[in-house]
Amino acid sequence: MAVRAAVLPAIGAPLEITRIELPEPGPGQVRLRLAAAGVCHSDLSLTNGTMRVPVPAVLGHEGAGTVLAVGEGVGHVAPGDHVVLNWAPACGSCHACSLGEVWLCANALDGAANVHARTVDGVELHPGLNVAAFAEETVVAASCVLPLPEGVPLTDAALLGCAVLTGYGAIHHSAKVRPGETVAVFGAGGVGLATLQAARIAGAERIIAVDVSPAKEDLARAAGATDYVVASATTPREIRALTGKQGVDVSVECVGRAVTIRAAWESTRRGGRTTVVGIGGKEEQVTFNALEIFHWGRTLSGCVYGDCDPARDLPVLADHVRTGRLDLGALVTERIALDGIPAAFENMTAGKGGRSLVVF
Ligand SMILES: [Zn+2]
Ligand SMILES: [Zn+2]
């Protein structure tokens with residue numbers, strides 16, 4: 001039976017909401033019905049070519065749903081189970097995996113080259129970032145499916161698969177924020193809001209949210225920000241003023257632009273940590289002079305998928321949800337249908353809102 005899906009026909013082309021046919025799951029595969037899928041900035045980056053996967057593709061990589069059927073050899077989930085999608089499954093055998101750094105797995109996106117479905121007209125489709133979550137149903141490798149721990153609402157659980165793992169991991173694994181530290185978060189979209197919540201959970205004392213839009217202040221404060229700065233050329237000076245002229249212990253950049261990476265760096269105290277979570281293009285050149293690198297003694301680090309091992313971290317996040325420390329619903333700024341995705345992309349380009357959640 002055909003299901004509806006959001007298909008990217010070619011790089012730069014608008015998304016098409018169309019009907020697709022999925023096969024029954026083969027060995028090592030799982031078929032599931034999506035409950036919800038978050039609209040992530042990386043989906044937009046795939047449509048404009050900043051990030052590339054084989055097309056035509058069904059986009060969507062942040063999802064949760066219910067298992068419909070499993071193929072031969074799949075034992076960790078069964079029909080009826082609630083699951084979260086992991087778009088970067090680790091192969092377990094590459095150099096990064098052998099070091100335990102599964103978020104850097106060299107083969108994580110191999111599945112993107114597969115044909116996982118066809119349009120009803122017979123056009124072969126690739127699964128975007130492995131999981132093709134912008135569809136009523138999908139077929140994925142079993143390694144892309146994680147059992148959802150008890151007590152987490154299924155629709156909101158979609159956000160765990162990308163925004164929340166990334167934001168939590170940026171604070172917990174990459175920057176290793178300690179209680180009492182000061183944190184600045186640049187960008188108050190889905191990942192930025194998740195990062196603010198993670199900073200609050202980590203016990204950060206002062207949490208400064210920075211965004212170009214003054215309209216996101218309430219969202220940011222609800223997520224844990226103690227201060228809100230509307231981004232401008234003087235942002236680093238404002239942040240130093242808020243932190244006894246020192247700058248913050250930790251800056252997390254969730255935008256992926258040279259100007260915000262520079263601002264995050266300049267807002268960090270001498271000896272502090274700057275973590276770049278945002279995914280920018282090659283044209284975003286960031287420059288540093290040799291003297292400032294020495295003088296400031298800061299650490300600048302990249303952060304991939306929050307440096308998370310989803311199988312290890314998901315139960316921890318579920319614990320935070322159950323105790324109310326992590327509020328998934330507060331990250332969602334609108335609940336939309338599949339055909340609302342193009343408008344959600346436009347909002348994202350305009351820097352509006354937090355997370356749009358497609359609810360099926
Ligand atoms: Zn994402
Ligand atoms: Zn690997």
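Basis for what follows: all heavy atoms, side chains included, without hydrogens, waters or symmetry-related copies. First listed ligand is number 1; within each ligand, the first listed atom is number 1. Sequence positions, counted from 1, serve as the residue numbers for this chain.
Here Cys40 meets the criterion, with an N, O or S atom under 2.8 Å of the Zn ion (ligand 1). Inclusion of His95 in the first shell of the Zn ion (ligand 2) is not supported: no N, O or S atom falls under 2.8 Å.
Using cut-offs of 30° and 60° on the angle between ring planes, the pair Tyr168 and His320 is tilted.
Using a 4.0 Å cut-off between charged nitrogen and carboxylate oxygen, Arg31 and Glu24 count as a salt-bridge pair. Using a 4.0 Å cut-off between a side-chain N of Lys or Arg and a carboxylate O of Asp or Glu, Asp227 and Arg206 qualify as a salt bridge.
Taking the Zn ion (ligand 2) as the corner point, the angle from Cys94 atom SG to Cys91 atom SG is about 110° (rounded to 10 degrees).
Other residues, nucleotides and ligands contribute over 12 non-hydrogen atoms within 6.0 Å of the CZ atom of Arg322.
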